[in-house]
Amino acid sequence: MPLDVLEPLRTAIGAAAERTTGARPAVVLNAPAQPEHGDLATPVAMGLAKQAKNPPREIAEAIAADLAADASLGPQLQSVEVAGPGFINIRLAPAWFAAVVRGILGESVEFGAEGAAAPERILMEYVSANPTGPLHVGHARHAAYADSLARLLAFSGHVVDREYYINDHGRQMEMLGISIASRYGALFGVQTEIPEDGYRGDYVGGIAEALCDEVGDRWVDELDPISDDALAFFSGRGGELMIDAIREELIGVHVEFDAFFSEDSLHQNGRVAREVAALQERGDTYEDGGALWFASSKYGDEKDRVLRRADGDLTYLASDVAYHLDKARRGHDRLIDVLGADHHGYIPRLRAILDSGGQSGEKLEVSLIQLVSLVEQGEAKKMSKRAGTLVTMGDLVADIGVDATRFFLVQRSHETPLELDLDLAREQSQENPVYYVQYAHTRALGILRQLESEPPVDAPAPAELDPAEKTLLMNLARWPEAVAEAAEKRGPHRVAAYLIDLARDFHAFYHRCRVAGEPQDVQSFRVNLTRATAWTIRTGLGLLGVSAPERM
RNA sequence: GCGCCCGUAGCUCAGCUGGACAGAGCAGGGGACUUCUAAUCCUCAGGCCGCAGGUUCGAAUCCUGCCGGGCGCGCCA
């Protein structure tokens, strides 16, 4: 069970409302911006005013009186007041705050974990870049977003499988093979042309050298013109090396997968052909203009789509029929595809595939990631694969580090285009919010290092609390809610925002409140508060794949 | 033309299943280090929350229309 420290209060308020008005409302509790509005406030009376046909203030007064008399809360409430149009403002006693800290530190499962209302088995697919070149900053955003979301969902109690779909079939792989073969030939003095849309990056030469180490001059005599066997070797083995490199690079930014699923394997083992045939048997296809069409509009797509071109080649969609049905049949409750925003129009046909195949299209959920653009010296940086001006994920990480890269990329909602100022990212390395959060963590550990012994978790509350202590604790109390919301809304950026908030409150607490050397009860409470904060920051950063250093 | 996303402080963006005077970081002004690390804190300044209507006791948040920007609408992948 997750610990939601506010839940008992919500329940008590709901019960009080029911006793006084007969209706049981959903209770919203907020920490007011104005300290004179108390520690917590609820607008619940305003919502009840209409159906109860009484002025909101009157209802609020009744609920407040009932609440104040609630024996189960007695020692934890300091005061209950009605203010404004009918807000109920609650001031909590030190005993409540002490109970919260105790709850956080003494919980049997991790604080804030397993908060999902209904745990699901979820299959996430993300990055899935062609193995024809290194990952660029767009992939980096996908990776940072999806990996953080996966961690978040798992933390919330879901079972998450992570998969990378390798687009290793078709023309672009041949291009890669030809490009590598050309560079391979050059190592032996054999000059061949790299086609117009071939790949020219340095990495191509690197792969050629690696393959040369593997097979020596085995293929030198089959390069001009290139033989089928040679092409198969250079595309196949080259793609494998490329995927290895991509996997390594992702591990470097703490992004790992449970499986790498090859598109080409679906063709090799006949799955694509079988699934297309099954589609035909179901009567969801037709021929027109020499092509085979998927009648996806039957399932809500805006128009039908080609499965097999007039020239006999299967389209990318045909692979997706096999792949998505395969995924859907593995028994997950939900499939999450993380795709670029330009794939928006692709969603209805994916759902159509599932519906046609007897799976539910509803199972599929797509997170669309908006574009990352780079700005350098005040101008949009033009990125082109052809011109070799692509900024790779590796470049970015080398520039600003893994922690800053991940935090930067996941700090903003995936639904909004991200403009990343390279100069700023470099220069601001020290000012980057990630350091702000990390520093709060090291500060907390610094305090704890001073101690000779740990205080008991159930240390009694001091008679009075500093406002900074209260603010910090109220924010800690929000953690389970923040996690649950971030998971439900598929928005890991909320965790980043929460952590910046928490770090700010902790820094303020640090400046106002000494910990070591205070009277016993004060010190014990503050130590426990510090422990709870350190734990929460470390956990939160972990959900973002960012480290929580002990010293900086 | 149709679909999706975005439009909030000088800049980059949070907040959007409606709640009390709109937030953060950066940039700008002024302060705070014999004290658990100043990678910090405090403070000041800075906003027709794109525009116009509507719903509501209450709208940055919901609805409609418009304006501006991005992306997509292939027998490409």
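Just so it is clear: chains get the letters A, B, ... in the order the sequence lines come, proteins before strands, and each one is counted from 1.
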Which one, [options], comes nearest to the side chain of [X]?
X: A:Y436; options: B:C75, B:C41, B:C16; answer: B:C41
X: A:K303; options: B:C5, B:A14, B:C73; answer: B:C73
X: A:R412; options: B:C13, B:G15, B:A14; answer: B:C13
X: A:Q172; options: B:A20, B:C13, B:A77; answer: B:A77

Listed by chain and number, what are the ring-ring contact (aromatic ring centres under 6.0 Å, His included) partners of [X], not counting sequence neighbours?
X: A:Y299; answer: none
X: A:H169; answer: A:H267
X: A:Y346; answer: none
X: A:F260; answer: A:Y164, A:F257

Classify the side chain of A:N30 versus the base of B:A20 as yes if they form a donor-acceptor pair under 3.5 Å and no if they do not. no
Hey, does [X] reach any base, or is it just sugar-phosphate, or nothing, if we go heavy atoms under 4.0 Å?
X: A:A497; answer: sugar-phosphate
X: A:I347; answer: nothing
X: A:R494; answer: sugar-phosphate

Given pairs defined as Watson-Crick or G-U wobble with both distances under 3.5 Å, what dot-bracket annotation applies to RNA chain B, with ( ) intrastrand, [ ] crossing, | other strand and . unpaired? (((((((..((((.....[...)))).(((((.......))))).....(((((..]....))))))))))))....
Apply salt bridge (Lys or Arg N to Asp or Glu O under 4.0 Å) to A:E263 and list each qualifying residue two or more places apart in sequence or on a separate chain. none
side-chain contact (heavy atoms from CB on, under 4.5 Å) partners for [X], two or more places apart:
X: A:E488; result: A:A484
X: A:H344; result: A:L368
X: A:E163; result: A:L123, A:A259, A:F261, A:Y323, A:K327, A:R330

Can you tabulate the close N/O pairs, meaning under 3.5 Å, that link protein atoms to atoms of nucleotides 70-72 of chain B?
none

[X] side chain N/O closer than 4.0 Å to the phosphate oxygens (OP1, OP2) of [N]?
X: A:R309; N: B:C76; result: yes
X: A:Y439; N: B:A39; result: yes
X: A:H493; N: B:G15; result: yes
X: A:R504; N: B:G23; result: no
X: A:Y498; N: B:G23; result: no
X: A:R443; N: B:A39; result: no

Determine the interplanar angle of the A:F509 and A:F506 rings, folded into 0 to 90°, and report it as parallel if under 30°, tilted if 30 to 60°, perpendicular if over 60°. tilted
Taking atom types as modelled and ignoring hydrogens, do the side chains of A:D304 and A:S297 form a donor-acceptor contact shorter than 3.5 angstrom? yes
Answer yes if the side chains of A:D337 and A:H324 hold a donor-acceptor pair under 3.5 Å, and no otherwise. yes
Side chain to side chain donor-acceptor pair (under 3.5 Å) with A:Y145: which residues, sequence neighbours excluded? A:S367
Atom OH of A:Y165 to atom C1' of B:A77: distance rounded to whole Å? 10 Å
Base of B:A20 and ring of A:F87 stacked, centres under 5.5 Å, planes under 30°: yes
Which value, in whole Å, describes the distance between the P atoms of nucleotides B:G28 and B:U64? 43 Å
Polar atom pairs (N or O), protein with nucleotides 30-35 of chain B, under 3.5 Å:
residue, atom, partner, partner atom, Å
B:U35, O2', A:R514, NH1, 2.7
B:U35, O2', A:R514, NH2, 3.2

